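Note that this is a predicted model, so its numbers are computed, not measured. In each ligand, atom 1 is the first atom listed, and ligand 1 is the first ligand listed.
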Amino acid sequence: MGWPNVEPAPPDPILGLTEAWRADPNPRKVNLGVGVFQDEQGRTPVLASVKAAETALVAAELTKNYWPIAGDPEYGRRVAELIWGADGGSDARLRVMCAPGGTGALRVGAELVGAVVGRGGAVWLSRPTWPNHRGIFTAAGFAVREYPYFEPAGGGVDRGAMWAALEAAGPRDVVVLHAGCHNPTGADLEPEDWQRLAAAARERGWLPVVDAAYLGFGGTLQQDAAPLRELLGAGVEFLAAISFSKNMGLYRDRVGALAIVAADGQAAEALLSHARCAARVLYSNPPAHGPQVAMRILADRLLREMWTRELDAMRERIARARAAFADGLAARLPARDWSFIRRQRGMFSFTGLSRAHTEWLREHRSIYMTADGRANVVGLNPDNLDYVCDAIAEALRERPAG
Ligand code: LMR
């Protein structure tokens, strides 16, 4: 066989931006693209709790033998206890398997649904959503449908449109929901919405798949995990993709988990066996280094306290960056209301800037953000805040029609 002539694939809409930013020679360049935490000096440091756990792990580790396909059961237990507490975590309907990051968990989850429910159903994604959701579910054979989510005028959730669209979701369908810190909008659902979603999923039979990639970045981790506890408590069957990339800063170590909740323990165990089959053909078994680090942090009281404080500090940094960004824009563009930047949750601010604005910022000021106007606010720091706010004011003047 000879290779056919193929055009290069387009760059990834998020990770491709980091590559373009790295290649940009402008010393003033700013990366507001990928969702990676940065401190006020623009660094993404290894957390002290991670370093301590890692040092102890390396000293004690005796083998690099394969982990089980679903990871060490102890890892699953620790993650379950973290999210659902001691009681919820030991619920017979729940199984938690290790997965390579939130993406790996989503892909295994999508394959699991495809294997046991069939591939004829649709996946419902919020409009807008993280672009990789589409790719992951399309690769697993799903047809993509969308439910409206964001209401640009108020910067919140367009509940009326969302509920109306979800009326059409049926028993063979999957509905992807963001646990919190909605990516890309930062507009989150309220506890009452989760109660209603739980009821709707039970009545209509669709399966919620909850993407929980930012636990601890909106409120405390336990506060941000409330939707996952709500669904378990309401007796709903669902999947959750949990990531430690952001809240433990373990991005490249690929640390995640897929939680499977079924009607009873026997069903959960059977589903887990199918999820293992899916993982086996995708990547055989998970990388163990990062998950072992996470497991040590979760198991050790002192390390866990240290991590909790570090997570609190990251959240406070995000809040400070939001406030500075909102103030910086309000000072330059007082005719517009920028208060939504403070209200949105997590690292992302959905700025309302158009593709034309983001292209102008990139071409003329080497400021990188996703084409939908999403900005990672912790890409801002005291050294670049004025530069970015000035540039946004200029972009809005240069491209008034958006
Ligand atoms: C993001 O949305 O920027 C992050 O989730 C990183 C990624 O993998 O896209």
Report the nearest protein non-hydrogen atom to atom 4 (C) of ligand 1: residue, atom name, distance rounded to 0.1 Å. Lys246 NZ, 3.0 Å
Which residue owns the protein heavy atom closest to atom 8 (O) of ligand 1, what's the atom, and how far is it? Trp130 CZ2, 3.6 Å
Give the numbers and elements of all ligand 1 atoms closer than 4.0 Å to a heavy atom of Val34. 3 (O), 6 (C)
Take Thr138 and Arg134 through the test side-chain hydrogen bond (donor to acceptor under 3.5 Å, both in side chains) and record every step on the way to the result. CA-CA 6 Å; Thr138 305; Arg134 179 178 284 270; 5.7 Å; no
Under the side chain to side chain contact (heavy atoms under 4.5 Å, CB included) rule, what do Gln292 and Trp67 come out as? Steps first, then yes or no, please. CA-CA 10 Å; Gln292 282 176 293; Trp67 248 17; 3.5 Å; yes
Kindly confirm or rule out a cation-pi arrangement of Arg365 over Tyr387, judged by NZ or CZ under 6.0 Å from the six-membered ring centre and within 45° of its axis? no
Show every side chain to side chain donor-acceptor pair (under 3.5 Å) that has at least one partner inside residues 150-159, sequence neighbours left out. Arg159-Asp193
The answer for which part of Asn183 has a heavy atom under 4.0 Å from ligand 1 is side chain
What protein heavy atom is closest to atom 3 (O) of ligand 1, reported as residue, atom name and distance in Å? Gly35 N, 2.7 Å
Side chain of Asn31, backbone of Gly33: donor and acceptor closer than 3.5 Å? yes
Any Tyr214 heavy atom less than 4.0 Å to ligand 1: yes
Checking contacts here: is it the side chain or the backbone of Met347 that comes within 4.0 Å of ligand 1, counting heavy atoms only? Could be both or neither. neither
Any atoms of ligand 1 less than 4.0 Å from a non-hydrogen atom of Arg374? List them with their elements. 1 (C), 2 (O), 3 (O)
State whether Phe348 and Arg374 meet the cation-pi test: NZ (Lys) or CZ (Arg) under 6.0 Å from the six-membered ring centroid, and within 45° of the perpendicular axis. yes
On the 0 to 90° scale, with breaks at 30° and 60°, tag the His133-His178 ring pair as parallel, tilted or perpendicular. perpendicular
Honestly, for Ile14 the part within reach of ligand 1 (heavy atoms, under 4.0 Å) is side chain
